[in-house]
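Please read the structure below before turning to the comments.
Basis for what follows: all heavy atoms, side chains included, without hydrogens, waters or symmetry-related copies.
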Amino acid sequence: MVISAIADNILRGVETVQDTVSETLFEPVVRLGVTGLARSGKTVFITSLVANLLDRGRMPHLLAASEGRIEAAFLQPQPDDTIPRFDYESHLGALTADPAHWPESTRHISELRVSLRVRPKGLLAGIKGPRTVHLDIVDYPGEWLLDLTLMDKSYAEWSAATLKAIENREEAAAFRAKVALVDGATKLDEPLAQDLAATFAAYLQDARRAGYSDCAPGRFLLPGDLAGSPVLTFAPLPAGDTPRGSLRREMDRRYEAYKSQVVKPFFRDHFARIDRQVVLVDALGSIHNGPAALEDLRGALTEILQAFRPGRNAFLTRLLMGRRVEKILFAATKADHLHHGQHAQLTAIMQALVRDATDRARFAGADAQALAIASLRATTETDMPHEGETLGMVQGRLLDTGKQAAFFPGHLPSDPSHLLNPQRGQNWLAGDYQVMRFAPATLTLRPGDGPPHIRLDRAAQFLFGDKL
C-alpha cells in the first residue's frame with residue numbers, strides 16, 4: 001500500500017510538471033471549478049456563462065470583451081477523456097425552447113472546454129500575435145464538496161458533531177428515535193445497519209428540502225452506482241465501546257472506507273487540479289427559511305473553504321506542490337428575485353456570510369470575493385404605489401402555473417448583523433417569497449448577444465479576466 005501510494009504520487013508529480021511546463025510555454029489553461037449547494041443553479045450558471053462567452057454582447061465588464069481583444073471563442077473537446085462532457089447544447093436548448101424550461105440539475109461531475117483567441121494588450125499588442133487561452137469548466141455537485149470536510153474527522157468526531165446538529169431538527173425525529181434504541185457495542189446486524197443508513201439518508205434528503213446546508217455525506221444524496229453498497233451503509237452513533245465485530249466498529253470501518261475510496265479519489269483526481277473556483281449559494285432561500293437556516297449556511301460555507309487549498313500559483317509552487325485555488329467567488333444567485341434597489345443589501349449579506357472564510361483565503365494568498373448575481377434573468381422589474389410608498393417589485397412567469405405574476409418579497413436589512421444574529425428570530429422575506437418560483441422567460445436574442453443576466457460579466461472578470 002505504501003509503495004503504491006508513493007508510485008502514485010510520483011506519477012502525479014510528473015503529470016503536474018508536464019502540465020505546468022506546457023501551460024507556461026504554450027497555451028495557458030484555466031481550470032474553473034463550479035459548484036454550489038442545493039438549488040443554487042450550477043447548470044444554468046455554466047450554460048449562460050458559455051453562451052455569453054461565445055456571444056459577448058452582454059459582457060461589458062469582462063474587459064477583454066469590452067476592449068475587443070477576444071477575436072473568437074469556440075468549444076473544443078475536453079482534455080479529460082474519462083469525465084462526462086457537460087451537455088451544453090441540451091441545456092441551452094431547454095433555456096431557449098418555447099416555452100423555456102429549466103435544465104436538469106447537476107448529479108455528477110462533468111467538464112467543458114471553451115477556447116478563447118485573445119489579442120494581447122499594452123506594449124505587447126504590436127509585437128505578439130493573438131494567443132489561445134483554454135477555459136476548462138469543471139462542474140461538480142456541492143454535496144461532494146462538503147464531503148471534503150470529513151477528511152480530517154474521525155468517525156467518532158463526525159458522529160458527535162452530526163448528532164449535536166440534528167438534536168432539535170424535526171426532520172431527524174425518525175432517525176433519532178431509532179438511534180435511541182440501538183446499542184452500538186452489540187454485534188453487527190446487517191439489516192439494522194441498512195435500516196439506520198436508509199433512515200439517515202432519508203433525513204438528509206428532508207433536511208436539504210428544508211433548507212439546511214450541512215447535508216453530508218454527499219453521496220447519500222446522490223448515490224449513483226454506489227447505492228446499496230457497504231460504503232454507503234453507515235450512520236452516526238453515540239460514543240461508546242467498540243468491541244471487535246460490533247455495530248459501532250463496522251460503522252467506523254465503513255466511514256473510513258467512504259473517505260478513502262470515494263472522497264479521496266475525487267479530491268486527488270479532480271478537485272486538487274482546480275485553480276479558480278465559484279461557489280454558488282441560494283442565500284435568498286436560506287434568508288426566507290429563517291435565522292437557523294442562515295446560520296447553518298454560514299457554518300457550511302466556512303467548512304467549504306477549509307476544503308480548498310488557497311494560495312498563489314507561482315511556477316515553482318505548482319511544480320512542487322500542485323495547483324492551488326488562486327481565486328474564490330462566493331456568488332449569491334437569483335438576484336433577479338429582488339428589485340435592483342436591494343441588490344446592494346444582498347451583496348452585503350453574502351459578504352458577511354463568508355467574511356471568516358474570505359479572510360482566511362486572503363491570508364493564504366488567494367483572492368476571495370462575494371457577489372450577487374443572476375446567471376439567467378427570469379424576471380422584469382416594476383414599481384407600484386402602496387400605502388404612500390413605492391414598492392420595487394419583480395414579475396415573471398410562475399413555474400407551477402405558467403401565469404404572469406408580480407411580487408414584493410419584502411425588504412432586506414441594510415445592516416447584515418440584523419439578519420445574521422440567530423437570536424433575533426426574524427424572517428426578512430415575506431411569505432409570498434416561497435411561491436416565487438419563476439420559469440425562464442422566452443428568449444429573443446439579437447445577433448451577438450448571449451442570454452440576459454445580472455453581473456455574470458463581473459463574475460467572469462474576477463474569475464479569469466486576468467488571464468485574457
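- For Glu295 against Arg298, the heavy-atom pair with the smallest separation is OE1-NH2, 2.8 Å.
- Panel note: side chain Asp275, backbone Arg31; a donor-acceptor pair is recorded below 3.5 Å.
- Under the 3.5 Å distance criterion, the side-chain polar atoms of Arg276 are matched with a main-chain donor or acceptor of Leu463.
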Note to self: One pair to check against salt bridge (charged side-chain N to carboxylate O under 4.0 Å, His left out): Asp214 and Arg169. What are the steps and the verdict?
What the structure shows: CA-CA 12 Å; Asp214 56 346; Arg169 293 184 185 177; 3.0 Å; yes

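- Between the side chains of Gln461 and Arg458, no donor N or O sits under 3.5 Å from an acceptor N or O.
- Remark: the backbone N or O of Val263 is not paired with any side-chain donor or acceptor of Asp147 at under 3.5 angstrom.
- In this structure, CH2 in Trp102 is found 8.5 Å from CG in Leu399, a value given to the nearest 0.5 Å.
- Taking the six-membered ring where tryptophan is involved, the planes of Phe175 and Phe200 are tilted, since the angle between them lies from 30° to 60°.
- Considering CG of Leu391 and CG of Asp383, their distance stands at 8.5 Å, rounded to 0.5 Å.
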Margin query: Is there a side-chain contact (heavy atoms from CB on, under 4.5 Å) between Phe266 and Ile109? Walk through the geometry before answering.
Written below: CA-CA 10 Å; Phe266 165 65; Ile109 192 168; 4.1 Å; yes

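- Looking at Thr333, its side chain does come within 3.5 Å of a backbone N or O of Val281 through a donor-acceptor pair.
- Asp282 contributes a side-chain N or O that, together with a main-chain N or O of Gly285, makes up a donor-acceptor pair within less than 3.5 Å.
- Looking only at distances, a side-chain donor or acceptor of Gln342 sits under 3.5 Å from a matching main-chain atom of Gly410.
- Ring pair Phe234/Trp158: centre-to-centre distance below 6.0 Å.
- In this structure, the side chain of His91 does not engage the main chain of Thr43 through any donor-acceptor pair within 3.5 Å.
- Here Glu326 contributes atom CD and Lys467 contributes atom NZ; the two are 5.5 Å apart, rounded to the nearest 0.5 Å.
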Checklist line | Worked verdict on Asp466 versus Lys327 for side-chain contact (heavy atoms from CB on, under 4.5 Å) | finding: CA-CA 11 Å; Asp466 59 311; Lys327 293 192 173 188; 3.6 Å; yes

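- Ser115 and Gln76 form a side-chain donor-acceptor contact under 3.5 Å, judged by distance and modelled atom types alone.
- Heavy atoms only, all atoms of each residue included: Pro409 and Met436 are closest at CB-SD, 3.8 Å.
- Looking at His343, its side chain does come within 3.5 Å of a backbone N or O of Ala335 through a donor-acceptor pair.
- At least one donor-acceptor pair closer than 3.5 Å links the side chain of Gln78 to the backbone N or O of Ile83.
- Looking only at distances, no side-chain donor or acceptor of Glu381 sits under 3.5 Å from a matching main-chain atom of His339.
- Dense packing is recorded around CD of Glu89, with more than 12 heavy atoms of other residues, nucleotides or ligands lying under 6.0 Å away.
- Heavy atoms from other residues, nucleotides or ligands lying under 6.0 Å from CD of Gln404 number more than 12.
- With rounding to the nearest 0.5 Å, the separation of CD1 in Ile349 from OG in Ser414 is 9.5 Å.
- Remark: Ser375 OG to Lys42 NZ distance equals 11.0 Å, nearest 0.5 Å.
- Distance CG/Leu280 to NZ/Lys334: 10.5 Å, rounded to 0.5 Å.
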